[in-house]
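Encoded as structure tokens, the structure appears first; notes follow it.
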Amino acid sequence: GAGVSQSPSNKVTEKGKDVELRCDPISGHTALYWYRQSLGQGLEFLIYFQGNSAPDKSGLPSDRFSAERTGGSVSTLTIQRTQQEDSAVYLCASSSFTGSQYFGPGTRLLVL
Amino acid sequence: AQKITQTQPGMFVQEKEAVTLDCTYDTSDPSYGLFWYKQPSSGEMIFLIYQGSYDQQNATEGRYSLNFQKARKSANLVISASQLGDSAMYFCAMREGQGSGSRLTFGEGTQLTVNP
């Protein structure tokens, strides 16, 4: 399909392990966003990429979180030394320069 | 202060009736955009409708319309002729500044239940 895709759809990990979450944006979209949604909550901004500009990392909750975007397309969000409070749905969105954000299906992360 | 406020944690409506979901916002930026998203139980975020701060007319998309009252800083979503499939969580969100160059700030959401 032509939408935003994310993998894996579900991830269960043990406390202290590292995880990588992947986002494949809509082709041609220059902007890519990561958000986190804890159970029953609204979405919390994490990080934003726009073209070749330096990313806006102001929403990352700790230095255990990092993200990169290779070739202006696919992005990977990495969480090191996972904690139980990292359990959430991680949502990726992309948009054209002036457009609305379209979301992927999310990755449900459970840290045991 | 909350940037986006949705005061209705839950709403109920009868099938085929109209329902209004409330959203108020707070910004000092003259250029901003307001969005509504639907999140069914499956979890995906579905874009519904967008209103720019400089738009003269209220946005409409099929059965969805946005009642934009700029002076009151409100951007209520109106769903006409509700359907059972409209049952979902609805989020209001705001983007401050021009273009896509900034994050969305979301409200806490309203859980809508459509009764047969």
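All values below were derived from every heavy atom in this structure, side-chain atoms included, with hydrogens, water molecules and symmetry-related copies excluded. Convention: sequence-line order gives letters A, B, ...; per-chain numbering from 1. Every value quoted in this text rests on a predicted model; they were computed, and no experiment measured them.
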Spell out, yes or no, whether A:Leu39 and A:Tyr90 are grouped together once hydrophobic residues are joined by side-chain heavy atoms under 4.5 Å, including indirect joins. no

Tell me whether B:Gln14 at atom CD has more than 12 heavy atoms from other residues, nucleotides or ligands lying less than 6.0 Å away. yes

If one checks every heavy atom of B:Ser42 against chain A at 4.5 Å, the contacting part turns out to be backbone

Contact origin within A:Glu44 toward chain B - heavy atom pairs under 4.5 Å: neither

Got a sec: does the CD of A:Glu85 have more than 12 other heavy atoms crowding it under 6.0 Å? yes

Please test A:Gln37 against B:Gln39 for side chain to side chain contact (heavy atoms under 4.5 Å, CB included), starting from the C-alpha separation and ending with a verdict. CA-CA 12 Å; A:Gln37 185 177 29; B:Gln39 188 176 44; 2.8 Å; yes

Cluster question for you: counting only ILVMFWY and a side-chain heavy-atom cut-off of under 4.5 Å, with indirect links fine, are B:Tyr64 and B:Tyr25 together? yes

Would you mind reporting whether B:Met45 and A:Tyr102 have side-chain heavy atoms less than 4.5 Å apart? no

Interface moiety of A:Leu43 toward chain B, non-hydrogen atoms closer than 4.5 Å: both

Starting from B:Tyr90, can I reach B:Val13 by hopping between I/L/V/M/F/W/Y residues whose side chains sit under 4.5 Å apart? yes

Tell me yes or no: between the side chains of B:Arg95 and A:Ser100, is some donor less than 3.5 Å from an acceptor? no

Any chance the rings of B:Phe47 and A:Phe103 have centres within less than 6.0 Å? no

Heavy-atom count around B:Lys70 NZ within 6.0 Å, excluding the residue itself: above 12? yes

Among A:Tyr33, A:Tyr35, A:Phe45, which residue satisfies the side-chain contact (heavy atoms from CB on, under 4.5 Å) criterion with B:Leu104? A:Tyr35

